[in-house]
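Quick note: numbers below take in every heavy atom, side chains included, and nothing from hydrogens, waters or symmetry partners. The structure displayed is predicted, hence computed values, not measured ones.
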Amino acid sequence: MGNHIQQIDDYILKAQGFAQPILQHLRTLIHQACPQLEEKVRWGMPHFDYKGMMVSMAAFKAHCSLMFFKGEFLNDPKGVLDKQREKGMGQFGRITSLNDLPSDKVLIEFIKQAMHLNEDGVKKAKPLKKSTPVVVPDVIRTALSSHQKALKYFNSLPPSHQKEYIEWITEAKTDTTREKRIKTMLEWLTEGKSRNWKYMK
């Protein structure tokens, strides 16, 4: 069984009948895409780690979930992910059968993306409290005000992605570095790119 652990074997066996083939299929695909992973159980759910937390799955009374730890960074050209998790736990909504999953090829691509994110050390943004508005420093606000396309895209970004740009610029140690980063930010925003766009390939 390689690096399969008994706790996850037991978890699958105890799941509802409809869930068992889903969980087993997901487990097989994750191992296929990332043979170097380490299986763990956290918060009572199966986790698959590779250079840190990568992906987990869970079974409930009437559905299953698949959750990528850094799902907000995954490139999703086919539009199958629910990155805001509006339909339930995980980025694939409520999975009730294998038919609710995208193709194996698409899932393997997501897993490989998740591997690269961890290899590159991309950090998950800390969520902002809904009651806390994003404060845009004057230097950034002024720069954006003269670039309407960049401003429009910046305003369309979720607060966590706006904060990534803000922190990147405000953490610059010299005026020269800050100005260079502002110029790069405007270019990227005009092209419709978030701060970590290069990790979404």
Side-chain angles (χ1 to χ4, degrees), residues 34 42-43 45 47-58 65-95 102 106-107 109-173 177-201:
C34 182
R42 292 192 184 90
W43 309 297
M45 299 182 296
H47 280 66
F48 305 91
D49 290 9
Y50 172 72
K51 298 183 183 296
M53 293 174 64
M54 184 176 70
V55 62
S56 63
M57 63 184 187
S65 294
L66 179 64
M67 298 145 282
F68 284 94
F69 184 62
K70 298 173 182 174
E72 67 267 34
F73 296 122
L74 295 176
N75 186 30
D76 181 25
K78 296 185 181 298
V80 300
L81 296 178
D82 176 21
K83 293 189 179 181
Q84 303 302 319
R85 302 192 183 187
E86 295 175 354
K87 300 176 183 178
M89 191 175 186
Q91 291 89 12
F92 296 86
R94 298 166 64 88
I95 305 167
V106 170
L107 282 172
E109 173 58 29
F110 285 140
I111 297 162
K112 289 184 176 180
Q113 285 188 52
M115 291 172 59
H116 294 317
L117 288 168
N118 282 3
E119 288 174 343
D120 293 341
V122 176
K123 294 183 178 180
K124 186 176 175 65
K126 294 181 180 179
L128 295 176
K129 294 180 179 179
K130 291 184 178 180
S131 60
T132 304
V134 176
V135 178
V136 181
D138 290 341
V139 65
I140 296 177
R141 189 181 299 280
T142 299
L144 288 170
S145 65
S146 59
H147 294 75
Q148 290 303 307
K149 190 172 181 179
L151 176 62
K152 183 178 180 180
Y153 187 71
F154 180 85
N155 288 336
S156 74
L157 291 171
S160 61
H161 283 44
Q162 292 180 356
K163 191 175 181 182
E164 287 170 0
Y165 268 121
I166 292 169
E167 290 181 346
W168 183 50
I169 291 170
T170 57
E171 288 173 357
K173 298 186 182 302
T177 299
R178 183 173 65 250
E179 291 302 318
K180 183 178 180 181
R181 290 182 180 181
I182 288 175
K183 181 179 179 181
T184 300
M185 175 193 71
L186 293 173
E187 292 174 355
W188 287 353
L189 288 171
T190 300
E191 295 170 1
K193 296 176 178 177
S194 65
R195 164 74 178 90
N196 288 298
W197 67 270
K198 61 183 178 179
Y199 299 112
M200 299 181 181
K201 293 181 180 179

Novice: Not counting sequence neighbours, which residues clear side-chain contact (heavy atoms from CB on, under 4.5 Å) with Leu107? List them please.
Specialist: Leu26, Leu29, Leu66, Phe92, Leu101, Pro102
Novice: Quick check for you: to the nearest 0.5 Å, what is the distance between Lys51 atom NZ and Leu117 atom CG?
Specialist: 13.5 Å
Novice: Could you list the residues that satisfy salt bridge (charged side-chain N to carboxylate O under 4.0 Å, His left out) with Glu167, not counting sequence neighbours?
Specialist: Lys163
Novice: Just to verify, what does Lys193 make a side-chain hydrogen bond (donor to acceptor under 3.5 Å, both in side chains) with, not counting sequence neighbours?
Specialist: Glu191
Novice: Any idea which heavy atoms bring Met115 and Cys34 closest together, and the distance?
Specialist: SD-CB, 3.4 Å
Novice: Indicate yes or no for a side-chain donor-acceptor contact from Thr177 to the backbone of Lys173 under 3.5 Å, with no hydrogens or angles considered.
Specialist: no
Novice: So does Arg195 get a backbone contact from the side chain of Glu164, meaning a donor-acceptor N/O pair under 3.5 Å?
Specialist: no
Novice: Minimum heavy-atom separation for Asn118 and Gly52, please, with both atom names.
Specialist: ND2-O, 3.5 Å
Novice: Under 3.5 Å, is there a donor-acceptor pair between the side chain of Lys70 and the main chain of Lys123?
Specialist: no
Novice: With sequence neighbours excluded, tell me which residues meet side-chain contact (heavy atoms from CB on, under 4.5 Å) with Ala143.
Specialist: Ile182, Leu186
Novice: Is any side-chain heavy atom of Leu74 less than 4.5 Å from a side-chain heavy atom of Asp76?
Specialist: no
Novice: Can you measure from CD1 (Ile166) to CE (Met185) and round to the nearest 0.5 angstrom?
Specialist: 9.0 Å
Novice: Which atom names give the shortest non-hydrogen contact between Ala114 and Met54, and what distance separates them?
Specialist: CB-CG, 3.6 Å
Novice: If I compare all heavy atoms of Gly93 with all of Ser65, which pair ends up nearest, and what's the gap?
Specialist: O-OG, 4.2 Å
Novice: side-chain contact (heavy atoms from CB on, under 4.5 Å) with Asp49: which residues, sequence neighbours excluded?
Specialist: Lys40, Arg42, His47, Met53
Novice: If we count only N and O atoms by modelled type, under 3.5 Å, do the side chains of Glu119 and His116 hold a donor and an acceptor together?
Specialist: yes
Novice: Are Leu189 and Leu144 side-chain neighbours, meaning at least one heavy-atom pair lies under 4.5 Å?
Specialist: yes
Novice: Do Ser145 and Leu151 have side chains that approach each other closer than 4.5 Å (heavy atoms only, starting at C-beta)?
Specialist: no
Novice: For residues Met89 and Met45, determine if any side-chain heavy atom of one lies less than 4.5 Å from a side-chain heavy atom of the other.
Specialist: yes
Novice: Quick one: does Tyr165's side chain get under 4.5 Å of Leu157's, heavy atoms only?
Specialist: yes
Novice: According to side-chain contact (heavy atoms from CB on, under 4.5 Å), who are the partners of Ser156, at least two apart in sequence or on a separate chain?
Specialist: Tyr153
Novice: If you look only at pairs with a residue in residues 136-158, which of them pass as a salt bridge (charged side-chain N to carboxylate O under 4.0 Å, His left out), with sequence neighbours excluded?
Specialist: none
Novice: Of all residues at least two apart in sequence or in a different chain, which pass the salt bridge (charged side-chain N to carboxylate O under 4.0 Å, His left out) check with Glu187?
Specialist: none
Novice: What's the shortest heavy-atom distance between Asn75 and Phe110, and which atoms?
Specialist: O-CE2, 3.3 Å
Novice: Side chains of Val122 and Phe73: does their closest heavy-atom pair fall under 4.5 Å?
Specialist: yes
Novice: Suppose we screen for side-chain hydrogen bond (donor to acceptor under 3.5 Å, both in side chains). Which residues come up paired with Thr142, at least two apart in sequence or across chains?
Specialist: none
Novice: Going by salt bridge (charged side-chain N to carboxylate O under 4.0 Å, His left out), name the residues that satisfy it together with Arg181, two or more places apart in sequence or in a different chain.
Specialist: none
Novice: Check for a donor-acceptor pair, side chain of Gln91 on one end and backbone N or O of Phe68 on the other, with a separation under 3.5 Å.
Specialist: yes
